[in-house]
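Working notes for the structure below.
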Protein chains: 2
Amino acid sequence: MAKHDPNLDLLFHALSDPTRRMMLSRLAKGPAAVTELAGLSGFKLPTILRHLSVLEEAGLVATQKDGRVRSCAFQPKALQPMTDWLEDQRKLWEARLDRLDDYVMNLMKEREK
Amino acid sequence: MAKHDPNLDLLFHALSDPTRRMMLSRLAKGPAAVTELAGLSGFKLPTILRHLSVLEEAGLVATQKDGRVRSCAFQPKALQPMTDWLEDQRKLWEARLDRLDDYVMNLMKEREK
DNA sequence: TGTATAGTTAGCAACATGGCTAAGCATGAT
DNA sequence: ATCATGCTTAGCCATGTTGCTAACTATACA
């Protein structure tokens with residue numbers, strides 16, 4: 001029940017950009033170098049590096065250098081806080097529906113009297 | 001297989017702010033007026049209205065005026081594109097693991113020779 | 001050693017975001 | 001009719017984001 005999870009801010013923000021989502025989709029299929037990601041997106045290298053650092057700060061991508069090439073790898077576990085949040089919301093929503101249900105049932109019982 | 005879904009941009013962006021997530025959590029429990037949302041957050045009304053419009057544009061909240069009070073309601077269906085995207089990513093990732101698995105199996109078979 | 005390749009860094013410009021105050025409008029209560 | 005309430009709009013300010021170019025570093029290859 002995190003009141004103000006900065007991790008979620010970073011996660012959702014990272015995913016709110018189509019270029020970053022494209023990068024992630026590529027990386028979900030396997031690791032790739034920065035230049036390949038740049039090629040796929042059509043953006044210049046510095047731009048991609050910035051996006052990459054956003055993804056890294058959100059924990060969605062881990063990178064390491066092999067010689068002069070930086071290899072980027074998708075980190076699926078980083079999505080967990082998001083799915084947890086979704087689940088929390090669903091629970092709230094369903095509890096609400098349950099209460100509504102009770103309410104309606106009571107109304108119907110009252111009517112029968 | 002949306003190449004550049006602007007809907008997802010709006011969705012993820014809307015969820016990237018803690019104040020907006022707090023508003024959503026409140027609304028998941030049932031409808032509320034703008035003033036109540038402002039009270040919960042501690043921010044001023046205009047600020048909350050701005051957040052509200054972001055949530056509305058993402059389709060996450062629907063509002064309507066009853067007299068002079070605007071009632072806000074959570075729209076859980078709006079989360080669907082996000083869960084779909086998550087599912088797509090998961091598939092990509094698992095396909096990758098499958099290919100890795102095949103690769104390792106082949107390696108082991110080679111070794112047996 | 002020299003040259004091409006792969007990143008990296010600094011910094012600029014345009015625009016978006018998130019907070020605010022002040023002033024306005026519409027509705028409900030007296 | 002008047003006043004309080006609840007929302008709405010306009011506009012300001014500080015900061016963050018997203019693209020770029022230019023200049024730099026570091027590694028591989030000949």
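Letters A, B, ... mirror the listed sequences (proteins, then strands); counts begin at 1.
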inquiry  = Strictly under 4.0 angstrom, non-hydrogen atoms only: write out the protein contact profile of nucleotides 22-30 of chain C, one letter per nucleotide from the 5' end, B, S or -.
reply    = B----BS--

task = Please identify each residue that fulfils side-chain contact (heavy atoms from CB on, under 4.5 Å) with A:E94, with sequence neighbours left out.
result = A:R90

For residues 23-32 of chain B, dump all side-chain donor-acceptor pairs below 3.5 Å to protein atoms at least two apart in sequence or in another chain.
| unit_1 | atom_1 | unit_2 | atom_2 | d |
| --- | --- | --- | --- | --- |
| B:S25 | OG | A:Q89 | OE1 | 2.8 |
| B:S25 | OG | B:R21 | O | 3.2 |
| B:R26 | NE | B:E36 | OE2 | 2.8 |
| B:R26 | NH1 | B:G30 | O | 2.9 |
| B:R26 | NH2 | B:P31 | O | 3.4 |
| B:R26 | NH2 | B:E36 | OE1 | 3.4 |
| B:R26 | NH2 | B:E36 | OE2 | 3.0 |

Report the distance from atom [atom1] of [X] to atom [atom2] of [N], rounded to the nearest whole Å.
X: B:R21; N: C:dG18; atom1: CZ; atom2: P; answer: 12 Å
X: A:F12; N: D:dG16; atom1: CZ; atom2: C1'; answer: 20 Å
X: A:R50; N: D:dT17; atom1: CZ; atom2: C1'; answer: 8 Å
X: A:H51; N: D:dG16; atom1: NE2; atom2: C1'; answer: 14 Å
X: A:L10; N: D:dT17; atom1: CG; atom2: C1'; answer: 14 Å
X: A:E36; N: C:dA6; atom1: CD; atom2: P; answer: 12 Å

query = Considering heavy-atom distances to DNA chain D, does B:L52 or A:H13 have its closest nucleotide positioned more toward the 5' end?
reply = B:L52

query = Is B:F43 reachable from B:V34 through a run of hydrophobic residues whose side-chain heavy atoms are each under 4.5 Å from the next?
reply = yes

ask   = Looking for any heavy atom pair under 4.0 Å, which part of the strands does A:R70 touch: base, sugar-phosphate only, or nothing?
value = sugar-phosphate

message = I'd like to check B:L8 versus A:L15 (side-chain heavy atoms, cut-off strictly below 4.5 Å). Are they in contact?
response = no

inquiry  = What I'd like to find out is whether the side chain of A:L10 reaches to under 4.5 Å of the side chain of A:L60, using heavy atoms alone.
reply    = no

task = Give a yes/no answer on whether the side chain of B:R20 brings an N or O atom under 4.0 Å of OP1 or OP2 in C:dG18.
result = yes

key: Residue-phosphate contact under 4.0 Å: B:T47 side-chain N/O, C:dC20 OP1/OP2   = yes

Contacts of A:E57 that satisfy salt bridge (charged side-chain N to carboxylate O under 4.0 Å, His left out) - sequence neighbours left out = none

note = Expected list for residues 37-44 of chain A near DNA chain D, using heavy atoms below 4.0 Å, is A:F43, A:K44

request  = Quick one: sort the A:F12 and A:W85 rings into parallel, tilted or perpendicular, breaks at 30° and 60°.
outcome  = perpendicular

key: All pairs passing side chain to side chain donor-acceptor pair (under 3.5 Å) where residues 40-54 of chain B contributes a residue, at least two apart   = B:R20-B:H51

